[in-house]
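As structure tokens, the structure follows; a few thoughts come after it.
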Amino acid sequence: MNIKNKLFLGIGLLVAMIVMLVVLSIVNLQVLTATEPDSPAAVPALHRALVWISIFGAACICIGVVMLAVLPGSINKPIKTLVNGIMEIADHNYNKRLDLGKYEEFAEVSDSFNRMAERLAEYQKSALTDIIQEKKYSEAIVNSIKEPILGLDKERRVLFVNDGALTVLNLKREQIIGESAYDLALKNDLLRRLIRELGQVDGNKDPLKIYADNKESFFQVKYIPIYMVPTGEKEQHYIGDVISLQNITEFKELDSAKTTFISTISHELKTPISSIMMSLKLLEDSRIGSMNDEQQMLSKSIKESTDRLLEITGELLKMTQVETGKLQLNPKITKPIELIDYAVKANRVQAERFNCHIEVEYPEKISKLFVDSEKIAWVITNLLSNAIHYTKENGRIIIGARQKDKVVELFVQDFGKGIDPRYHQSIFDRYFRVPGTKVQGSGLGLAISKDFVEAHGGTIKVDSELGKGSLFTIQFQV
Ligand code: ADP
């Protein structure tokens, strides 16, 4: 029986009882009024009427109570079952089915629910197959890549790893998948080095030297953080990292061959250049014979070119020293003014030639530095030489030192052409020259300067604006 019928039956029964109760009361009342109140028949008639009224009254109350108890239950139960079913679906239990056949009104709802659950189950199955297929493709791609690749989730558990990574890590796939990288790192030096840098904004950019497969290899490590926007959300969530190692052994070998080549050539060039310089000196000696004006001009030009050649070979040799890690520092306590004086003296001829006015700014009190004076003097000389070259004739240049708390600064400022902010980083790269630079040069001076300063634990920076000049500052902690 459906709820509607139950309701009609209940109300019908109740109404019928009430009607009968009213009719009975009226009939009894009539019997009572027809009977003489003092007659002996009146009392039993009254009792009978009261009994019947009580029976029908009690029956009415019972029916009402039964209806109250049964009706809400027959509505609540299927709704509860439906809610539970929906909750199960929300928990991805797509095998849940409802049977509300005995509640006629809910039969259609339960049919629809079951159809929906069936479709969701089918969809889940096909989505899962798709996901598994895609996973297989990704695994095949990752495994076909020779470069080592490792995937970690945000708890640093290993999600995937390719054969290349297994070789360099010297681990087996089954030992590593699903395991905590931190636990594995306790017994694996390479993994420890790899995860140490994870999450660091400015990770180590130096190549990693790895000894695997009986040979030494160099790898450039790349950390790729992975983010995802969960369904229904707008914000990206961090879900893990991919670590990839690019094998740069070949480039490293070529680079080292190039460095050795440059070093040998520069070294070999030094002897003939010195002999040219010597011959020039002899040529200029009036005791050998005087030169006419044209010869003097030619000899001056040969001298300038030879000086430049010597400068370039010197720079190349210095660069190879840095690249091969053969840079040796001999630090000693040095007054900053000694370095400045050296640079000014070394550039005097150039400054006079370009008619540059060099001002020295030096405070009364300043801490001494503990540096390799030869190297730092070379850096300041190079900065001052640049300032002279890249300043218009009759320019003004300030060279000096100052101290801010525990930091001593050496600086060279010019008011020349300045440097476009786009190139402020690149000018410290090897062989980089600002496009359009007409002054001759190798593009090595600032790169070597940076290496020399950083080898002392110092920093070098530039502040410059086009057309307004440049300020190069070197900082050392004292
Ligand atoms: P080089 O001077 O031999 O080219 P550097 O490494 O010393 O090499 O300088 C790199 C480049 O930076 C230069 O080619 C030049 O374009 C730019 N530069 C350096 N110093 C200055 C300066 N004081 N003013 C303008 N440009 C400069």
Side-chain angles (χ1 to χ4, degrees), residues 304 307-308 310-319 321-322 327 329-364 366-403 407-419 427-428 439-464 469-476 478:
E304 273 173 15
D307 280 343
R308 184 85 203 106
L310 205 61
E311 205 178 294
I312 292 173
T313 45
E315 283 185 354
L316 286 171
L317 264 177
K318 284 192 172 63
M319 188 202 72
Q321 268 182 4
V322 176
L327 180 69
L329 298 180
N330 300 309
K332 58 179 201 286
I333 294 170
T334 313
K335 284 186 192 162
I337 193 70
E338 291 171 22
L339 304 167
I340 294 169
D341 277 347
Y342 179 91
V344 174
K345 271 188 200 132
N347 279 290
R348 182 157 292 150
V349 180
Q350 297 266 24
E352 276 168 11
R353 196 172 137 205
F354 290 100
N355 204 15
C356 280
H357 180 66
I358 300 174
E359 294 168 25
V360 177
E361 274 183 14
Y362 198 73
E364 275 185 17
I366 190 163
S367 301
K368 287 177 185 156
L369 297 168
F370 186 64
V371 290
D372 183 326
S373 53
E374 205 184 291
K375 305 244 168 5
I376 300 303
W378 185 89
V379 173
I380 314 225
T381 307
N382 180 63
L383 292 180
L384 188 56
S385 158
N386 276 353
I388 296 168
H389 279 107
Y390 299 111
T391 304
K392 279 185 252 123
E393 291 207 10
N394 310 317
R396 176 183 168 221
I397 291 163
I398 309 169
I399 180 168
R402 57 190 160 220
Q403 182 161 8
V407 177
V408 166
E409 283 185 353
L410 296 163
F411 62 90
V412 178
Q413 183 171 20
D414 67 65
F415 302 89
K417 59 189 250 183
I419 305 163
I427 53 169
F428 295 102
V439 178
Q440 280 196 338
S442 61
L444 283 172
L446 288 177
I448 297 169
S449 302
K450 189 168 186 269
D451 287 333
F452 279 4
V453 171
E454 287 179 354
H456 286 83
T459 57
I460 181 167
K461 63 169 183 160
V462 63
D463 292 295
S464 181
S470 314
L471 167 66
F472 283 87
T473 316
I474 301 168
Q475 293 185 322
F476 293 109
V478 285

Worksheet item: Run the side-chain contact (heavy atoms from CB on, under 4.5 Å) check on L329 and H456 step by step: do they pass?
Response: CA-CA 8 Å; L329 298 180; H456 286 83; 3.6 Å; yes

Practice prompt. Using the salt bridge (Lys or Arg N to Asp or Glu O under 4.0 Å) rule, take E361 and R402 through it: C-alpha gap first, then chi angles, then the decisive distance, then the call.
Written response: CA-CA 8 Å; E361 274 183 14; R402 57 190 160 220; 5.1 Å; no

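Under a cut-off of 6.0 angstrom, the local environment of CD in E304 is crowded, with over 12 non-hydrogen atoms contributed by other residues, nucleotides or ligands. Within 6.0 Å of CZ in F415 there are more than 12 heavy atoms belonging to other residues, nucleotides or ligands. For E374, the CD atom sits in a loose shell: 12 or fewer heavy atoms of surrounding residues, nucleotides or ligands are nearer than 6.0 Å.
Between V439 and H389, the shortest heavy-atom contact is CG2-O, 3.7 Å. Considering all non-hydrogen atoms of both residues, N347 and I388 come closest at CB-CD1, 3.7 Å. The minimum heavy-atom distance between I380 and L410, with the atom names listed, is CD1-CD1, 3.5 Å. Across all their heavy atoms, V453 and T459 have their closest contact at CG1-N, 3.5 Å. The two atoms that bring S373 and L339 nearest to each other are O-CD2, 3.5 Å, heavy atoms only. Considering every non-hydrogen atom in both I340 and Y362, the closest pair reads CD1-CD1, 4.0 Å.
Between the side chain of S385 and the backbone N or O of T381, no donor-acceptor pair lies under 3.5 Å. Judged by distance alone, with hydrogens and angles left aside, the side-chain atoms of S464 form a donor-acceptor pair with the main-chain N or O of G469 at under 3.5 Å.
Here the side chains of I448 and E315 are in contact, with some heavy-atom distance below 4.5 Å. Taking the side chain as every heavy atom from C-beta outward, I312 and L316 approach each other to under 4.5 Å. Taking 4.5 Å as the limit, some side-chain heavy atom of I427 sits within range of a side-chain heavy atom of I419. Side-chain contact between Y390 and D414 is absent, with no heavy atoms from C-beta onward closer than 4.5 Å. At least one side-chain heavy atom of I474 sits less than 4.5 Å from a side-chain heavy atom of L383. Put simply, the side chain of T391 does not reach to within 4.5 Å of the side chain of F354, judged on heavy atoms.
Between the CG atom in D451 and the CG atom in L444 there is a gap of 10.0 Å [rounded to 0.5 Å]. Atom CZ of R308 is separated from atom OG1 of T313 by 10.0 Å, given to the nearest 0.5 angstrom. In this structure, SG in C356 is found 11.0 Å from NZ in K392, a value given to the nearest 0.5 Å. Atom CG in N394 sits 11.5 Å away from atom NE2 in H357 (nearest 0.5 Å). Here E409 contributes atom CD and K461 contributes atom NZ; the two are 6.5 Å apart, rounded to the nearest 0.5 Å. Note: I358 CD1 to R396 CZ = 12.5 Å, rounded to the nearest 0.5 Å.
Scored by the side chain to side chain donor-acceptor pair (under 3.5 Å) test, S367 finds Q403 as partners (sequence neighbours excluded). With sequence neighbours excluded, no residue forms a salt bridge (charged side-chain N to carboxylate O under 4.0 Å, His left out) with K318.
For the side-chain contact (heavy atoms from CB on, under 4.5 Å) with F472, the lone residue among N386, V462, N382 that qualifies is V462.
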